[in-house]
Amino acid sequence: MTSGAEEVLFWCLAPLMVIAALGLIFARKAVHATICMVFVMISLAVMYIANQAPFLGIVQVVVYTGAVMMLFLFVIMLVGVDAGDSLVDTLKGQKWIGWILGIGLGITLFSFLGRLTLSGGQGHGSTVANNPAELARVLLGNFVFPLELVGILLVTAAIAALTMTHKRNLTRRIGQKELADARVASGARLTPLPSPGVFAQRNAMDVPALDPQGNPVESSVSRVLRARGQERDAIYDPEIEQLDKAGRPAPSTWDHEIEASSAALDEMPEQGAGVADGEASQSENSSTEKED
Amino acid sequence: MDYANYLYLAVILFTIGGATVLLRRNAIIVFMGIELMLNAANLAFVTFSRIHGDLTGQVVAFFVMTVAAAEVVVGLAIIVSIYRSRRSVSVDDINLLKN
């Protein structure tokens, strides 16, 4: 007979297990059913440990909760979380037949169990303390051949899973070189898209970059923002105009300044371009130092 | 408490697993129903092992777990490959032999 503590454990856990198992039938989403199943598995592990089978309890947690149910979750993610049940009845009245058969199965099993007379039970007694060692003694003493067979089965299953999920290449593999060649041949843009707002007055995602002529480059703004109509105008944005009034040159005047400065450079006497650049950078540096 | 309570729990879980297989159409959930039935059988094995004071029942439960793991691997691989070719995991859609 079992102890009082085990009785409390059983009656706490068993109803929850049954409810979680019912979730398998009634849960609409496959993920919820899986989570219910994980709960049942962990509770079963506790039941095993309470039933003097600690090794099996831990194996249950490792194999079922840790590996099998996570594999289920992976597959659910692979085939799409919202792949629900189809609502169309292919077989007419399948639902009612299913319920009748399920309840009939339950009634049959229960009636069998009702006719069963169980003796008081012996329990494992002293062997519980070193349950894994005792289990190994039975496993490697009487069940060596089945153990070998199970090993072969596991290897076969692993190879089967590999071959079945293997995707055969029906066409030639498209590598980096083939992609690049195709892009050049089709005349598409070869360089990366320009980053937004770099030559406009701000670095925000929604402001287009300006090309050297000062025109906004539409492709520099994210496609999503463009589709939503959330992109901003580069030049005629009132916020930018406010910034302009605060003393910064408007982008439309940049070109003139550059022209003026280049004209000034042309007027300078012939010197090595590198030297002139060096002097210019030096003077710029000194001016910034003074400002600091 | 009687040991039979564990057996009753195992029977309830087995029935729910069987009903899941009969009622659900999502192949993954059907598969989980099969797993639930295997686990219920394991619980019965462990309980009987305790009733008889014989560890053989636990060894058999261990074998069931191993075979179930292999079965899950192959079954999920089949589900994935079917999903690849037919874009569905509903067992109603897999009627290639029909017509």
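Predicted model only: the values in this text are computed from it and were never measured. A note on names: the letters A, B, ... follow the listed sequences, proteins ahead of strands, and every chain is numbered from 1.
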Exercise for review: Check whether any side-chain heavy atom of Met32(B) sits under 4.5 Å from a side-chain heavy atom of Ile29(B), and report yes or no.
Suggested key: yes
Practice item. Answer yes or no: is there a donor N or O on one side and an acceptor on the other, between the side chain of Gln58(B) and the main chain of Gln52(A), under 3.5 Å? Key: yes
Point to revise | Heavy-atom contact with chain A under 4.5 Å, split by part of Phe62(B) | key: both
Check your understanding: Of the backbone (N, CA, C, O) and the side chain (C-beta and beyond), which part of Ala67(A) lies under 4.5 Å from a heavy atom of chain B, both, or neither?
Key -> neither
Check your understanding: For Thr34(A), is it the side chain, the backbone, both or neither that has a heavy atom under 4.5 Å from a heavy atom of chain B?
Key -> both
Point to revise | Heavy-atom pair count under 4.5 Å with chain B, highest-scoring of Gly114(A), Gly106(A), Ala160(A) | key: Gly106(A)
Exercise for review: Using a cut-off of under 4.5 Å on heavy-atom pairs, state which of Phe14(B), Phe48(B), Phe31(B) scores highest against chain A.
Suggested key: Phe31(B)
Revision key, fill the gap. On a heavy-atom basis, the closest approach of Ile49(A) and Gly57(A) is CG1-CA, 3.9 Å
Revision key, fill the gap. Most heavy-atom pairs under 4.5 Å with chain A, out of Gly18(B), Ala40(B), Ser49(B), belong to Ser49(B)
Study note, to complete from the structure: If one checks every heavy atom of Met37(A) against chain B at 4.5 Å, the contacting part turns out to be side chain
Review point. Out of Leu22(A), Asn142(A), Val40(A), which one racks up the most heavy-atom pairs below 4.5 Å with chain B?
Key: Leu22(A)
Check your understanding: Are more than 12 heavy atoms from other residues, nucleotides or ligands located less than 6.0 Å from atom CZ of Arg189(A)?
Key -> yes
Practice item. Without swapping roles, check the side chain of Thr156(A) against the backbone of Ile152(A) for a donor-acceptor pair under 3.5 Å. Key: yes
Check your understanding: Who among Met47(A), Gln60(A), Arg137(A) has the most heavy-atom pairs with chain B under 4.5 Å?
Key -> Gln60(A)
Practice item. Mind ranking Val63(A), Asn131(A), Ile103(A) by heavy-atom pairs under 4.5 Å with chain B and telling me who comes out on top? Key: Asn131(A)
Point to revise | Test log, rule salt bridge (Lys or Arg N to Asp or Glu O under 4.0 Å), inputs Glu178(A) and Arg173(A) | key: CA-CA 9 Å; Glu178(A) 286 81 2; Arg173(A) 193 173 166 277; over 6 Å; no
Practice item. Please step through side-chain contact (heavy atoms from CB on, under 4.5 Å) for the pair Leu105(A) and Thr108(A), ending with a clear verdict. Key: CA-CA 5 Å; Leu105(A) 177 71; Thr108(A) 315; 5.5 Å; no
Review point. Tell me, side chain or backbone of Leu9(B) under 4.5 Å from chain A's heavy atoms, or both, or neither?
Key: side chain
Point to revise | Minimum heavy-atom distance between Ala19(B) and Ile25(A), given as atom pair plus value | key: CB-CD1, 3.8 Å
Exercise for review: Give, as side chain, backbone, both or neither, the part of Phe74(A) having an atom under 4.5 angstrom from any heavy atom of chain B.
Suggested key: neither
Exercise for review: Output yes when a side-chain donor or acceptor of Tyr83(B) lies under 3.5 Å from a complementary backbone atom of Val79(A), and no otherwise.
Suggested key: yes
Review point. Which atoms of Ile97(A) come close to chain B, meaning under 4.5 Å heavy atom to heavy atom: side chain ones, backbone ones, both, or neither?
Key: neither
Practice item. Please determine, among Val46(B), Leu13(B), Val67(B), the option with the most heavy-atom pairs under 4.5 Å with chain A. Key: Val46(B)
Point to revise | Partner chain B: residue of Leu147(A), Thr163(A), Val59(A), Leu78(A) with the largest heavy-atom pair count (under 4.5 Å) | key: Leu147(A)
Revision key, fill the gap. Shortest non-hydrogen pair, Phe39(A) vs Met17(A), comes out as CE2-N, 4.2 Å
**Study point:** Residue among Ile51(B), Val72(B), Val80(B) with most heavy-atom pairs under 4.5 Å to chain A
**Key:** Ile51(B)
Review point. What residue, out of His52(B), Glu71(B), Arg84(B), has the most heavy-atom pairs lying under 4.5 Å from chain A?
Key: Arg84(B)
Check your understanding: Would a 4.5 Å heavy-atom cut-off, applied to side chains only, mark Leu162(A) and His166(A) as touching?
Key -> no
Revision key, fill the gap. Turns out that what part of Tyr8(B) lies under 4.5 Å from chain A's heavy atoms comes down to both
**Study point:** Option in Thr56(B), Ile28(B), Asp54(B), Val73(B) with maximal non-hydrogen atom pairs under 4.5 Å from chain A
**Key:** Ile28(B)
**Study point:** Any donor-acceptor pair under 3.5 Å from Arg24(B) side chain to Leu24(A) backbone
**Key:** yes
Check your understanding: So with a 6.0 Å cut-off around CZ of Arg183(A), is the heavy-atom count from everything else above 12?
Key -> no
Point to revise | Segment of Phe112(A) engaging chain B (4.5 angstrom heavy-atom cut-off) | key: neither
**Study point:** Option in Asn51(A), Leu56(A), Val150(A) with maximal non-hydrogen atom pairs under 4.5 Å from chain B
**Key:** Asn51(A)
